[in-house]
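Report on one structure; see the data block that follows.
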Amino acid sequence: MDATSDDLLKIAKRCADKLALSRRSPLPALEDIEDECEDEIQELLSVLQDDDVFGEVDLGAQQKVADQIEAALPENRRQLVAELTDQHTRHVWLQQEAAYHLGVAVGMKLAGQKPDPDALEEDEAEDWEDEPDED
């Protein structure tokens, strides 16, 4: 089955429905979402991996290949593989963090709400205040 955006959004909505939001802190931390929605996140990843575009991701296999490449290199070049692996991991986390914040912003726009400025850092609150209401 090829998943549609609607299918993925239904899974994501189940996660969103689990989250307790308050007036003081309407933006849950990524870590809280990962804790509260572990099952839905795994389901989303599974559905995406089943898609022919993304294919399966096997972290163990990735590490095994990296270890084999590292072992085949001369000692003075092995650190390059470790550095590449670390950079790739940071890149994935960076993308995840960016996707989360973009998702929050789009979700809030769709919901037609703005966060409580008291719950935001000063510079973040100023950014929201500059946005015109679309009412």
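The local environment of CD in Gln87 is crowded, with over 12 non-hydrogen atoms from other residues, nucleotides or ligands closer than 6.0 Å. The environment of Glu31 atom CD is sparse: at most 12 non-hydrogen atoms of other residues, nucleotides or ligands sit within 6.0 angstrom.
Of all heavy-atom pairs between Cys15 and Ile33, the closest is SG-CG2, 3.9 Å. Contact record, Glu40 with Ile11: O-CG2, 3.6 Å, taken as the closest heavy-atom pair.
Gln62 and Asp58 are not linked by any side-chain donor-acceptor pair at a separation below 3.5 angstrom, with hydrogens and angles left out of the test.
Two residues are said to be in side-chain contact when any heavy atoms from C-beta on lie closer than 4.5 Å; Glu34 and Gln96 meet this criterion. Inter-residue side-chain proximity for Glu70 and Arg77 is flagged as unmet; no heavy-atom pair is nearer than 4.5 Å. Side-chain atoms of Leu9 and Lys13, non-hydrogen and from C-beta on, never get closer than 4.5 Å to each other.
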- Query: Do Thr4 and Asp7 pass the side chain to side chain donor-acceptor pair (under 3.5 Å) test, and can you show the C-alpha distance, the side-chain angles, and the key distance before you say yes or no?
  - Reply: CA-CA 5 Å; Thr4 65; Asp7 297 328; 3.2 Å; yes
- Chi angles and distances behind the side chain to side chain contact (heavy atoms under 4.5 Å, CB included) call for Leu8, Val47: CA-CA 8 Å; Leu8 297 171; Val47 169; 3.7 Å; yes
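Looking at Thr85, its side chain does come within 3.5 Å of a backbone N or O of Val81 through a donor-acceptor pair. When atom types are taken as modelled, the side chain of Asp17 and the backbone of Arg14 share no donor-acceptor pair closer than 3.5 angstrom.
In this structure, CG on Leu80 lies 7.5 Å from CG on Leu73, to the nearest 0.5 angstrom. Distance check, rounded to the nearest 0.5 Å: NZ of Lys10 to CD of Glu43 gives 12.0 Å.
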